[in-house]
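Data first, discussion second: the structure below is written as structure tokens.
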Amino acid sequence: MSMSLLQVLIGGLMLGAVYALFSSGLTLIWGMMNVVNFAHGDFVMIAMYVAFMVWKLFGGGPFMAMPIAAMLLATLGIIAYFSLVRHVMKGPMLAQILGTFGLALLLRYGMFWTFGANFQSLPENLVGGTYDLWGIRIQASRLLAGTLAIVLTIALHLMLTRTSLGSKMLAVAEDSTAAQLMGIRPDRMQAIAWGLAAGLTGIAGALIATFFYISPTVGETLAIIAFVTVSLGGFGSITGALVAGLLIGVIESLSGYLIGAVYKDIVVYTIFIAVLWFRPQGLMGKN
Amino acid sequence: MKRSVWLLLILALVIVYPLLFTTPFLQRLGALVLLYAIAASAWNIVGGYAGQVSVGHVVFFGCGAYASMAFFTHFGWPPIAAVPVGMAASVGIAALIGVPTLRLSGHYFSMATIAVAELARLIVTNVEALGAAVGLSGPVMPRTVFDLSFTSALPYYYLFLAVLLVVLGLTYWMENSRIGFYLRAIKDNERAARSLGVQAGRYKLYAYMISAGLTSVAGTLYATMYGFIDPESGLGILTSVKILIMAALGGAGLLFGPLVGAAILVPLEEISNNLLGGKGAGLTFVVYGAIIMIIARFYPSGLLKLLLDRMAAAKPAPSDKQVRDVA
């Protein structure tokens, strides 16, 4: 394998890890209350702008942007849950989908209105330069983002499977009425899930902004990537999202390298259609 | 009886509207209302009646628009002659999305519609024969009347009105036919409908394919009127948003709901674009986002339903009285 191919592969893994991080929030919410957050990609977009503003105003890097974006987005997620999602999730399908879809438009064009349509980006060496490991060049920003994203995704999985809060959340996912009879408050657990999922988009956005373009419409692209990741990984599965996210990052980077940059999204979206046709339960999903 | 009188009165008003308001702006506005009403009524068949929320309906609109402009550019066809091509392509794409997803929960369907619309936009943007990022143009000068290239909006107005009446007629027929009953049963309770032997996936797919074909006609009409199509106007997500918000605001699943939505939103958008210029586009969609959220949160059945319920409540409830008399 040539060095440059290996380099593309590693770059793809790092990008895929960030995809996995924000997709894990989407799959958590979906698995828990059967609601798809169509604004999920736009949450990431908002976090990217937070990172941009943090750099612009204070000259701060991702370590300053991450906590700010995480707190801001978690707040937004909890507000969205209490003011919108809680009410539409019991309504007809139309309300369930249009609720978060409307939120997505509001956020996207609100940012468009504020910042304009121009693409922004953070300075290339905000995190550090490029490492050279035995001839493989890796951007420090990707390395940081990828490593942190993998650690956080695994932490989310451990939190859900190893702590009492996680067990309560999974109980609500399994059967919210039964959970309520056991003294768990489904409403509170679902709000925590929204806060958690949105907070993770905050961290993911602050990380991905260090090497990705920033624009008001980037959320649509990222939302579709999250849909692909969640469907491929299997409904509600965090480990599935991790594997699928890494896979999609690699496929996207490889197809960009081998076929051409303009075709990488086309390849990823085509995979989505193929998954729906041939394996709708996903790689890790149950039948 | 009373209802049909009202409908005839409204129809008469719609027919004479462009003769009463003769300024080009108002005639064009009227034509646009009817055009978007066609697209929104087509969306209503799958989104309202079948309860499957397509957020990527622009892909069918784009099929119709691109078919007409591409066949004109490459073979010199009059744009309107490509209607069957656009419809066939749309029905094919509807099957591609619908066959796998309509068996699953409605979320998969919505996610797939958004992804396929975006996929189509990316592909068309990179295909030279479809004008790539620049787009395709129609006839500059009409060769014959079949090119449907007019300077006045008046002929378009009546053409769109005729097509809209056909779409509404088809919807009305569907509403009262076997497929309409099945769709209502599925929307009410899919599990119960299935247990009674309704093949839910199949009927949802039929509704989706009919809706797709009719939306592509709206796309062709749009392209003949504007004489131009590009990836943003023909396949961009904002056109999907316009189509669905009109149906949802007016009343999804009601025959005249999309019409009410189009009559409210099209003038609003045209006026805001005229007042605010290019910057207005962003603000318009902020407002649309807010409207969509409010509909979803408070009035999922739309304004027309709200109005009808109010009117029913305002009347002295005869049923109550009768009940008491009987008692």
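What you are looking at is a predicted structure, and each value in this text was computed from that prediction instead of being measured. Below, chain A is the first sequence line, B the second, and so on; all start at residue 1.
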Is the gap between the ring centers of B:Tyr108 and A:Trp30 under 6.0 Å? yes
Which bit of A:Val85 is near chain B, if near means a heavy-atom gap under 4.5 Å: side chain, backbone, both or neither? neither
With a 4.5 angstrom heavy-atom cut-off, could you sort out which part of B:Ser110 is near chain A: side chain, backbone, both or neither? both
Best-contacting candidate, A:Leu84, A:Val35, A:Leu105, against chain B by heavy atom pairs under 4.5 angstrom: A:Leu105
Can the ring centroids of B:Phe181 and B:Tyr203 be said to lie less than 6.0 angstrom from one another? no
With only heavy atoms counted, which part of A:Ile273 is less than 4.5 Å from chain B, the side chain, the backbone, both or neither? side chain
Most contact-rich option vs chain B, by heavy-atom pairs under 4.5 angstrom, among A:Ile224, A:Ile97, A:Val228, A:Leu106, is A:Ile97
For the residue pair B:His57 / B:Ser211, report whether a side-chain donor-acceptor contact shorter than 3.5 Å exists. yes
Residue part contacting chain A, namely of B:Ile294, when any heavy atom lies under 4.5 Å: neither
Turns out that what part of A:Ser83 lies under 4.5 Å from chain B's heavy atoms comes down to backbone
Between B:Ala252 and chain A, with a heavy-atom cut-off of 4.5 Å, which part of the residue counts as in contact: side chain, backbone, both or neither? side chain
Ranked by heavy-atom pairs below 4.5 Å to chain A, first place among B:Ala112, B:Ser105, B:Gly51 goes to B:Ala112
Would A:Arg86 pass as a cation-pi partner of A:Phe82, given that its NZ or CZ must be under 6.0 Å from the six-membered ring centre and within 45 degrees of the axis? no
Does the side chain of A:Leu246 come within less than 4.5 Å of A:Val250's, by heavy atoms? no
One thing to verify: whether B:Lys204 and B:Glu190 come together as a salt bridge, which I'm taking to mean a side-chain N less than 4.0 angstrom from a carboxylate O. yes
Counting only non-hydrogen atoms closer than 4.5 Å, does A:Phe278 touch chain B with its backbone (N, CA, C, O), its side chain (CB onward), both, or neither? neither
Is B:Leu104 close to chain A through its backbone or its side chain, or both, or neither, when contacts mean heavy atoms under 4.5 Å? side chain
Please identify, among B:Ile123, B:Ile245, B:Val55, the residue contributing the most non-hydrogen atom pairs under 4.5 Å to chain A. B:Val55
Let's test your reading of the structure: which of A:Val36, A:Asn34, A:Val88 forms the most heavy-atom pairs below 4.5 Å with chain B? A:Val36
Please flag which part of A:Pro92 lies under 4.5 Å from any non-hydrogen atom of chain B: side chain, backbone, both or neither. side chain
Ring centroids only, cut at 6.0 angstrom: are B:Tyr208 and B:Phe109 within range, meaning strictly under it? yes
Please determine, by modelled atom types, if B:Ser233 and B:Asp230 share a side-chain donor-acceptor pair under 3.5 angstrom. yes
Which atoms of B:Leu244 come close to chain A, meaning under 4.5 Å heavy atom to heavy atom: side chain ones, backbone ones, both, or neither? side chain
Could you tell me if A:Glu252 and A:Tyr19 have a donor-acceptor pair between their side chains, going purely by distance under 3.5 Å? yes
Are B:Arg184 and B:Asp188 ion-paired here, with the side-chain N under 4.0 Å from a carboxylate O? no
